Amino acid sequence: MSQFTVQPLLDTGTVRVRDVVCGGQCRHRSDEECTSATHLVFPYRGVFVRHVGRSDAVAEANQLLFFNEAEAYQISHPVAGGDACLDLVIEDAPAPPWRSAAFAGASIRARRPWWRCCATA
């Protein structure tokens, strides 16, 4: 059973808006993760901490966190009860066909969303 509930609210191809609810079972720092797109995260319930290098950001209601593309981070839940956030994902503009990964013969990397805080291998 997943500890996340993700409800898509809008998907325009350039911007995706989702409601993400996490049970918060992971109290310790997660493994290091990274996103493949920029995320603007608006927590509206509960608390979690985002660890980037030596910087920690406490995410609680009425704040905004930026999850930058290709920036390594870890997540922890210091308080029981989990959290809920509005996740705004900003996608890059589509590349012209001659610059696509399929055209270049490169493999396409799987996206790993920021809320995969306690994923098991």
Side-chain angles (χ1 to χ4, degrees):
M1 179 176 157
S2 173
Q3 66 176 327
F4 299 103
T5 303
V6 180
Q7 176 67 43
L9 302 174
L10 174 72
D11 189 349
T12 67
T14 304
V15 175
R16 285 182 290 152
V17 180
R18 297 177 285 200
D19 183 44
V20 179
V21 177
C22 178
Q25 290 88 351
C26 180
R27 301 294 296 270
H28 61 282
R29 280 186 181 210
S30 68
D31 292 334
E32 195 168 80
E33 302 175 36
C34 184
T35 67
S36 60
T38 300
H39 291 253
L40 281 70
V41 178
F42 299 87
Y44 63 86
R45 182 185 58 79
V47 176
F48 68 91
V49 179
R50 185 189 61 172
H51 311 276
V52 178
R54 292 184 166 195
S55 298
D56 296 340
V58 177
E60 56 187 357
N62 300 318
Q63 294 184 343
L64 167 65
L65 272 77
F66 286 90
F67 284 75
N68 296 314
E69 179 180 1
E71 181 177 59
Y73 66 91
Q74 295 173 300
I75 299 292
S76 65
H77 290 90
V79 179
D83 62 83
C85 302
L86 189 66
D87 177 34
L88 201 76
V89 183
I90 302 168
E91 299 289 344
D92 289 333
W98 60 88
R99 293 190 58 201
S100 72
F103 183 80
S107 64
I108 297 174
R109 208 175 63 196
R111 293 180 183 264
R112 184 164 188 183
W114 66 268
W115 61 81
R116 302 267 319 235
C117 69
C118 301
T120 57

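As the structure is a computational prediction, the values presented were derived from the model and not from experiment.
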Residue pair D83, Y44: steps toward the side-chain contact (heavy atoms from CB on, under 4.5 Å) verdict: CA-CA 8 Å; D83 62 83; Y44 63 86; over 6 Å; no
Intermediate values then yes/no, side-chain contact (heavy atoms from CB on, under 4.5 Å), Q74 and E33: CA-CA 6 Å; Q74 295 173 300; E33 302 175 36; over 6 Å; no
Minimum heavy-atom distance between A57 and L65, given as atom pair plus value: CB-CD2, 4.4 Å
Test side-chain hydrogen bond (donor to acceptor under 3.5 Å, both in side chains) applied to D11 - qualifying residues, sequence neighbours left out: none
Interatomic spacing from CD in Q63 to SG in C85 - rounded to 0.5 Å: 10.5 Å
All pairs passing salt bridge (Lys or Arg N to Asp or Glu O under 4.0 Å) where residues 35-55 contributes a residue, at least two apart: none
Interatomic distance, D87 atom CG to F67 atom CZ [nearest 0.5 angstrom]: 8.5 Å
Rounded distance (nearest 0.5 Å) linking atom CG of L88 with atom NE2 of H39: 10.0 Å
All pairs passing salt bridge (Lys or Arg N to Asp or Glu O under 4.0 Å) where residues 58-82 contributes a residue, at least two apart: none
Donor-acceptor under 3.5 Å (T35 side chain, A37 main chain): yes
For A59 against P43, the heavy-atom pair lying closest together: CB-CG, 3.8 Å
Side-chain hydrophobic cluster, 4.5 Å single linkage: members besides V58: V47, V49
CA sep, side-chain torsions, deciding dist, call: Y73, N68, side chain to side chain donor-acceptor pair (under 3.5 Å): CA-CA 10 Å; Y73 66 91; N68 296 314; over 6 Å; no
Chi angles and distances behind the side-chain contact (heavy atoms from CB on, under 4.5 Å) call for L86, L9: CA-CA 9 Å; L86 189 66; L9 302 174; 3.7 Å; yes
For L64, side chain to side chain contact (heavy atoms under 4.5 Å, CB included) partners two or more places apart: L40, F42, F66
Qualifying residues under salt bridge (Lys or Arg N to Asp or Glu O under 4.0 Å), relative to D56, sequence neighbours excluded: R29
Partner set under side chain to side chain contact (heavy atoms under 4.5 Å, CB included) for T12, not counting sequence neighbours: L10, T14, V15
